[in-house]
Amino acid sequence: MNILLPALSPTMEQGNLVKWLVKEGQQVNSGDILAEIETDKATMELESPDDGIIQKIIVEEGAENIPVNSPIAVLKVEGEDEETTPIPTEEEKSIKTELDISNNIQSTSVNMSSIFNNQVTDNKNWSEIEITMREALNNAIAEEMELDEDVFLLGEEVAEYDGAYKVTQGLLDKFGSKRVLDTPISEHGFTGLAIGAAMAGLKPICEFMTFNFSMQAIDQIINSAAKSLYMSGGEINVPIVFRGPNGAAARVAAQHSQCFISWYSHIPGLIVVTPSNARDAKGLLKSSIRNPNPVIFLEHELLYKEKANVPSENDFLIPLGKANILHEGSDITIIGLALMAQRAKKAAVELKEKHNINAKVIDLRTLVPLDLQSIKSAINETGLAMTVEENPRLCGWGAEISSLITEHCFSNLKGPVTRLTTPHVPLPSADILEDNTIPSVDVIVREVIKKVKGE
């Protein structure tokens with residue numbers, strides 16, 4: 001393993017290697033002092049993260065201004081093969097320290113060099129079957145559990161009851177009670193357990209019966225899962241997927257209908273994914289499980305029953321951070337996520353057939369990392385933009401997209417970005433009120449006509 005220069009103080013960005021206290025070839029134990037590091041505040045001792053042999057010293061003592069998270073030595077951990085742990089190339093270091101993910105998340109907040117690695121793009125002839133999103137998610141979990149024994153599932157009623165929404169149906173019978181765990185009704189408790197397991201090297205899939213209940217575990221998700229990589233100077237990964245239904249679930253009132261896309265996208269260190277169809281659900285969930293970072297995977301309950309053609313192969317992955325074009329057009333760009341992406345697609349079909357308006361529809365699929373290039377290309381082509389959001393207007397994700405479009409595409413804009421959102425109120429339970437709160441296909445069609453034709 002690479003021994004990295006850790007952040008030994010909250011403000012430390014670089015440090016000086018004062019003295020090595022070990023030599024190449026020397027046996028060390030976990031906790032042994034390896035070197036003295038001078039920070040911006042004091043000289044501190046660097047401890048060995050594991051038992052092993054110092055295989056190579058990369059940075060000589062006396063070196064100054066070493067960036068935090070840079071490899072300074074290679075430790076051969078006991079039990080490893082003779083092949084040395086690869087030292088990052090300059091290009092890989094650049095990706096890790098400079099790549100912007102959703103507006104400059106700091107390099108040690110997210111393990112960036114691993115976000116796009118080992119991901120098969122959707123570029124071959126797959127053997128496809130038509131299944132629901134519920135089934136696609138189930139297949140993704142089962143395949144990853146078969147491929148990697150470190151992957152396990154926990155949550156309320158995920159085992160004996162087959163899941164509140166039957167996403168986990170049959171997994172207990174297939175993998176047993178040690179890998180599919182029913183938990184007490186304590187989100188704070190089982191979320192902490194899952195995060196601890198991830199820190200110890202396992203890969204938990206932590207289900208919330210609804211993401212509204214994740215509020216009970218918000219401290220664990222934000223202060224433990226999201227921040228540990230940064231606060232440990234890149235030493236502690238938290239490879240965990242938090243998944244479950246998000247958004248309005250048809251007449252279940254305010255405490256079960258919140259949309260958390262914008263909530264979690266605000267937190268550095270979290271990947272935020274939300275599929276709009278069964279095909280994407282499988283490919284994105286598999287990529288999320290393989291990702292070394294904490295992932296918020298938001299599934300819309302109203303899409304669970306929707307079918308699509310989904311590859312049956314276990315190597316089908318969709319890279320995180322890559323948007324999808326659901327409908328081609330040159331008059332306006334409509335940007336959506338999850339249920340709103342599907343409603344935007346239906347609106348685009350109606351606009352073309354009935355009103356001779358060609359709307360391009362972008363399904364972002366992941367909000368963090370954000371596919372800014374696809375947004376820029378579309379806006380520069382159409383000149384008009386609209387976001388369709390299920391969240392309240394104030395501080396919604398569309399405000400960030402609107403700002404980025406203004407910043408990057410201003411010279412090609414024909415008018416301001418339009419945002420369709422819910423009003424800034426808790427979601428009502430009465431059907432007529434709920435239907436008039438969340439952007440509908442009819443509302444999208446009406447607002448696009450108004451924007452394109454001025455009617």
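The structure presented is a predicted model; accordingly, all values stated were derived computationally and were not measured.
- Of the candidates Val272, Asn293, Thr366, Leu320 forms a side chain to side chain contact (heavy atoms under 4.5 Å, CB included) with just one, namely Thr366.
- For Leu433, the CG atom counts as densely surrounded, since its 6.0 Å shell holds more than 12 non-hydrogen atoms of other residues, nucleotides or ligands.
- A heavy-atom distance below 4.5 Å is not found between the side chains of Val361 and Ile325.
- Proximity of His256 to Leu427: side-chain heavy atoms (C-beta onward) are nowhere separated by under 4.5 Å.
- Residues satisfying the salt bridge (Lys or Arg N to Asp or Glu O under 4.0 Å) criterion with Glu328, sequence neighbours excluded, are Lys360.
- The aromatic rings of Phe260 and Phe211 are tilted relative to each other, their planes meeting at an angle between 30° and 60°.
- Ser377 and Gln373 are linked by a side-chain donor-acceptor pair at a separation below 3.5 angstrom, with hydrogens and angles left out of the test.
- Proximity of Ile205 to Val151: side-chain heavy atoms (C-beta onward) are separated by under 4.5 Å at one or more points.
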TODO: Could you walk me through whether Trp397 and Leu364 pass side chain to side chain contact (heavy atoms under 4.5 Å, CB included), step by step?
DONE: CA-CA 11 Å; Trp397 61 263; Leu364 293 177; 4.0 Å; yes
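- The closest side-chain heavy-atom distance from Cys206 to Val241 is not below 4.5 Å.
- Closest of all the heavy-atom pairs between Ile335 and Ile375 is CD1-CG2, 4.1 Å.
- The local environment of NZ in Lys376 is crowded, with over 12 non-hydrogen atoms from other residues, nucleotides or ligands closer than 6.0 Å.
- Considering every non-hydrogen atom in both Met209 and Pro245, the closest pair reads O-CG, 3.0 Å.
- Across all non-hydrogen atoms, the minimal contact from Val273 to Val295 is CG2-CG1, 3.9 Å.
- Ion pairing of Lys203 with Asp150 is absent here, as no side-chain N (NZ or NE/NH1/NH2) approaches a carboxylate O to less than 4.0 Å.
- Between Arg179 and Glu149 there is no salt bridge, since none of the side-chain N atoms of the basic residue sits less than 4.0 Å from a carboxylate O of the acidic one.
- Taking the charged nitrogens against the carboxylate oxygens, Arg279 and Glu128 do have a contact shorter than 4.0 Å, which makes a salt bridge.
- Between the side chains of Asp363 and Asn324, no donor-acceptor pair is found at a separation under 3.5 Å.
- In terms of heavy-atom proximity, Ile221 sits nearest to Ile195 at N-CD1, 4.3 Å.
- Note on ring orientation: taking the six-membered ring where Trp is involved, the planes of Phe190 and Phe208 are tilted (angle from 30° to 60°).
- The pair Asp435-Arg251 meets the salt-bridge criterion, with a side-chain N (NZ, NE, NH1 or NH2) lying under 4.0 Å from an Asp/Glu carboxylate O.
- Judged purely by distance below 3.5 Å, without hydrogens or angles, the side chains of Thr183 and Glu156 never pair a donor atom with an acceptor atom.
- Looking only at atom types and distance, the side chain of Glu130 has no donor-acceptor partner in the side chain of Asn309 under 3.5 Å away.
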TODO: Before giving the answer on side chain to side chain contact (heavy atoms under 4.5 Å, CB included), spell out for Leu337 and Met340 the whole-Å C-alpha distance, their side-chain angles and the decisive distance to 0.1 Å.
DONE: CA-CA 5 Å; Leu337 284 160; Met340 295 298 100; 5.8 Å; no
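- Judged purely by distance below 3.5 Å, without hydrogens or angles, the side chains of Asn212 and Thr210 pair a donor atom with an acceptor atom.
- Side chains of Arg243 and Ser288 form no contact here, defined as non-hydrogen atoms less than 4.5 Å apart.
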TODO: Let me see the working for Asp280 and Ile318 under side chain to side chain contact (heavy atoms under 4.5 Å, CB included), right down to the final yes or no.
DONE: CA-CA 7 Å; Asp280 287 356; Ile318 293 177; 3.3 Å; yes
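- Tested against Arg343, the residues Val445, Ile438, Val443, Val388 include a single side chain to side chain contact (heavy atoms under 4.5 Å, CB included) partner, Ile438.
- The closest side-chain donor-acceptor pair between His300 and Glu390 falls under 3.5 angstrom.
- Closest approach of Ser287 and Pro319 over heavy atoms only: OG-N, 4.3 Å.
- In this structure the side chain of Leu229 never reaches within 4.5 angstrom of the side chain of Ile236, judged on heavy atoms.
- At least one side-chain heavy atom of Arg290 sits under 4.5 Å from a side-chain heavy atom of Leu317.
- Nearest approach of Asn391 to Thr421, heavy atoms of both residues: O-CB, 3.4 Å.
- Within the cation-pi definition used here (under 6.0 Å to the ring centroid, within 45° of the axis), Lys166 does not qualify as a partner of Tyr304.
- Within a 6.0 Å radius of CG in Asp431, more than 12 heavy atoms belonging to other residues, nucleotides or ligands are found.
- Shown here is Gln255, whose CD atom has no more than 12 heavy atoms of other residues, nucleotides or ligands within 6.0 Å.
- Within the structure, the ring pair (Phe, Tyr, Trp, His ring centres under 6.0 Å) test picks out no pair touching residues 407-452 (sequence neighbours left out).
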